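Atom set for the values below is all heavy atoms of this structure, side chains included, hydrogens, waters and symmetry mates excluded. Here is the naming used below: chain letters follow the sequence lines, and residue numbers restart at 1 for every chain. If you're wondering where the values come from, they're calculated on a predicted model, not measured in any experiment.
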There are 2 protein chains.
Amino acid sequence: MNPKSGGGAENHGAAGARPTGRRGGPTRRRGSELEDAILDAAWHVLVEHGYPGFTYEAVAARASTSRPVLYRRWPQRDDLLLATLTRFLEAQPIAIPDTGSLRADAVGFLRNANAGRAHMITLISVQLMDYFRDTGTSFSQLRDTLGAPNRPTPFETIVARAVERGELPDVPRSSRVVNLPFDLLRHDILMTMRALPEESITEIVDEVWLPLLGAPGGRPQPGSP
Amino acid sequence: MNPKSGGGAENHGAAGARPTGRRGGPTRRRGSELEDAILDAAWHVLVEHGYPGFTYEAVAARASTSRPVLYRRWPQRDDLLLATLTRFLEAQPIAIPDTGSLRADAVGFLRNANAGRAHMITLISVQLMDYFRDTGTSFSQLRDTLGAPNRPTPFETIVARAVERGELPDVPRSSRVVNLPFDLLRHDILMTMRALPEESITEIVDEVWLPLLGAPGGRPQPGSP
DNA sequence: CCCCTAAGATACGAGACTGTATCTAACGGC
DNA sequence: GCCGTTAGATACAGTCTCGTATCTTAGGGG
C-alpha cells in the first residue's frame with residue numbers, strides 16, 4: 001500500500017520494509033509486541049554502536065518504527081536506556097558447572113563467562129563510563145550495589161566444592177588467589193574488547209591458577225618453611 | 001594561492017579584534033608555542049568531557065583559536081587524539097628500579113606505576129571506550145601504537161635481570177606469568193578507578209607472582225602460619 | 001459495523017559539529 | 001621597512017539528531 005493519498009504520505013525509501021515476515025498485508029504491531037520489538041532493537045543498537053549511537057533515530061530505524069512511537073513511551077533517552085538494560089541484564093546468570101573436577105569447573109565457568117558476558121562487559125564499560133565519570137563511582141561499586149554482597153563468588157563456590165571432594169586441602173586462601181581467573185578474564189576482555197580465545201582460558205587455569213592452588217598438574221610450591 | 005586577485009572583496013565582518021585580546025596586547029602564538037597550547041587544551045577537553053566531547057569545536061574554543069588552525073595540523077580527529085595522547089603519555093615513563101632483588105624490583109615498579117599511571121589509565125579507559133568502539137581497536141592496540149611494539153615489557157626486564165643474577169632459573173616463562181603483576185594492577189585500577197593501596201601491591205607480588213615464579217623469598221601464603 | 005486509540009509516516013525548526021573556503025592582520029625573516 | 005607566512009575570524013553547505021506537531025490508517029472494542 002503505497003498510494004500517496006492526499007497530503008504528505010510519500011515514501012522516502014530510506015525506511016525499509018519491516019521484517020515482519022508477513023509480506024501480504026501491513027501488520028501493525030501493538031502493545032507489548034511492539035515494545036518488545038523496540039527494546040530488542042534498542043539492545044542491538046547499543047551493542048553495535050554503543051551509547052553515542054544509541055539515538056532515537058537509530059533505535060526507531062532498527063525497530064522499523066518512528067521516533068514519535070518511542071517518545072510516547074520513553075520521553076527521555078535515559079528511560080529508554082534503562083528499560084533496555086534492565087530487560088536484558090536481568091536474565092542470563094553465568095552457569096557454574098559441577099563436573100567433579102576442579103580444572104573442568106574452572107575452565108567451564110570461564111568459557112561460559114567468556115561467551116555470555118564478553119560483549120556485555122564491553123557494552124557496560126562503553127556506556128557506563130559517562131556515568132562513572134559524572135558520579136565518581138566505579139565498576140566494583142556498581143557490582144557491589146547490584147549483586148548480593150555476601151553471596152560467594154563463582155570461584156569461591158568452585159574451590160569450596162573441590163575442597164569438599166578432597167581435591168584441594170582445606171586451608172584458608174586469599175580472595176585474590178581464588179578469584180584470580182575471573183579477574184584475568186575480565187582484564188583481558190577489557191584490554192582487547194573481545195571474547196578470549198580458548199587458549200587464553202586454559203592458559204589462565206593451567207599456567208596460573210592451578211599451580212598457585214598447588215593442585216595436581218601444577219607444580220606444588222613448597223615456599224618458605 | 002589566491003586565484004581571484006582582483007575583486008572578491010566580500011564583506012566578512014568588520015572589526016576583527018580577536019577575543020583573546022583579554023590577555024592584553026594582540027599576542028598571536030605561532031609554531032610550537034601554539035601547538036603546545038592546542039595540545040594542552042585538547043588534553044583538558046579529553047579529561048573533562050571524554051571522547052564524545054573531544055571535538056574540533058571544543059578544542060579550538062578551549063585553546064582560543066579556530067578550527068581551521070587545527071585542521072591544518074591534524075586533518076583527522078584521530079591525528080589530534082593520537083598527538084594529544086602521545087604528548088602526555090610519553091612525558092612520564094615509568095621508572096624500572098634495579099635494586100638487585102626480584103621482589104624489590106617488582107614492588108618498586110608497581111609502586112611507580114601505581115603512583116604515576118593510575119590517573120592516566122583510568123582516564124584513558126574512561127574516556128576512550130567510545131573511541132575504541134568507533135575504530136574497532138582496543139586499549140592493547142593503542143598501547144602498541146604509542147609504544148614500541150618489540151620493546152621488552154617492564155616485567156620482562158625485571159625477570160631477565162633476576163635470571164642474570166641467578167635469582168631465578170633460566171627457564172622459558174609464559175608472557176602471561178611474567179606480566180601478571182602489571183595486568184593485575186591494571187585490572188584493579190580499572191575496577192576501582194583509583195590507585196591501589198600498598199597492601200594490594202605486596203599481595204600481588206608475594207601471594208601471586210613470586211610463588212608462581214618459584215622464587216625464594218616469597219612470603220608464605222595464608223594457611224601456613 | 002462503526003469508532004476511537006494508537007501505530008506509523010512525514011514535516012519542521014533548532015542546534016551541534018564537520019570540512020572547507022575566504023578574508024584580515026600579526027609576526028618574523030630578509 | 002617590505003613581504004611572505006599563517007594565525008585567527010568568519011561564512012557556508014551539509015549532515016545528524018532532537019523534540020514536537022501534524023496527518024493517515026490499521027486494528028481492536030463496543
May I ask you to evaluate whether A:T65 reaches the phosphate of C:dG8, defined as a side-chain N or O under 4.0 Å from OP1 or OP2?
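Yes, such a contact exists.
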Partner residues of A:P197 under the side-chain contact (heavy atoms from CB on, under 4.5 Å) criterion, sequence neighbours left out
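Only A:E199, A:S200 meet the side-chain contact (heavy atoms from CB on, under 4.5 Å) criterion with A:P197.
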Whole angstrom is fine here: how far is it from [atom1] in [X] over to [atom2] in [N]?
X     : N      : atom1 : atom2 : answer
B:R29 : D:dT5  : CZ    : C1'   : 17 Å
B:L34 : C:dG28 : CG    : P     : 13 Å
A:I38 : C:dA6  : CD1   : C1'   : 12 Å
B:D79 : C:dG19 : CG    : P     : 11 Å
B:L70 : C:dG19 : CG    : P     : 12 Å
A:E35 : C:dG8  : CD    : P     : 12 Å
B:D36 : D:dA7  : CG    : C1'   : 16 Å

For B:Y71, ring pair (Phe, Tyr, Trp, His ring centres under 6.0 Å) partners two or more places apart
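Result, ring pair (Phe, Tyr, Trp, His ring centres under 6.0 Å) vs B:Y71: B:Y56.
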Output yes when B:R87 and B:D40 qualify as a salt bridge under the 4.0 Å nitrogen-oxygen rule, no when they do not.
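Salt bridge: no.
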Holding to side chain to side chain donor-acceptor pair (under 3.5 Å), I want the full list of residues that pass it with B:D183, two or more places apart in sequence or in another chain.
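By the side chain to side chain donor-acceptor pair (under 3.5 Å) rule, B:D183 matches B:R186.
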Go through the N and O atoms of the side chain of A:R72 and the base of C:dA6, and report whether any donor-acceptor pair is under 3.5 Å.
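Side chain to base: no pair present.
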I'd like to know if B:S66 reaches the base of D:dA9 with its side chain such that a donor and an acceptor end up less than 3.5 angstrom apart.
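Donor-acceptor pair under 3.5 Å: yes.
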Show me the protein contacts with nucleotides 17-21 of chain D, counting only N or O atoms at under 3.5 Å.
from, atom 1, to, atom 2, distance (Å)
D:dC18, OP1, A:Y56, N, 3.4
D:dC18, OP2, A:Y56, N, 3.2
D:dC18, OP2, A:E57, N, 3.3
D:dG19, OP2, A:Y71, OH, 3.2
D:dG19, N7, A:R67, NH1, 2.7
D:dG19, O6, A:R67, NH1, 3.2
D:dG19, O6, A:R67, NH2, 3.0

Listed by chain and number, what are the salt bridge (charged side-chain N to carboxylate O under 4.0 Å, His left out) partners of B:E198, not counting sequence neighbours?
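For B:E198 the salt bridge (charged side-chain N to carboxylate O under 4.0 Å, His left out) partners, ignoring immediate neighbours, are B:R111.
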Output every pair passing salt bridge (charged side-chain N to carboxylate O under 4.0 Å, His left out) with a member in residues 49-65 of chain B, not counting sequence neighbours, ordered by first then second residue.
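Sorted result for residues 49-65 of chain B: B:E48-B:R62, B:E57-B:R67.
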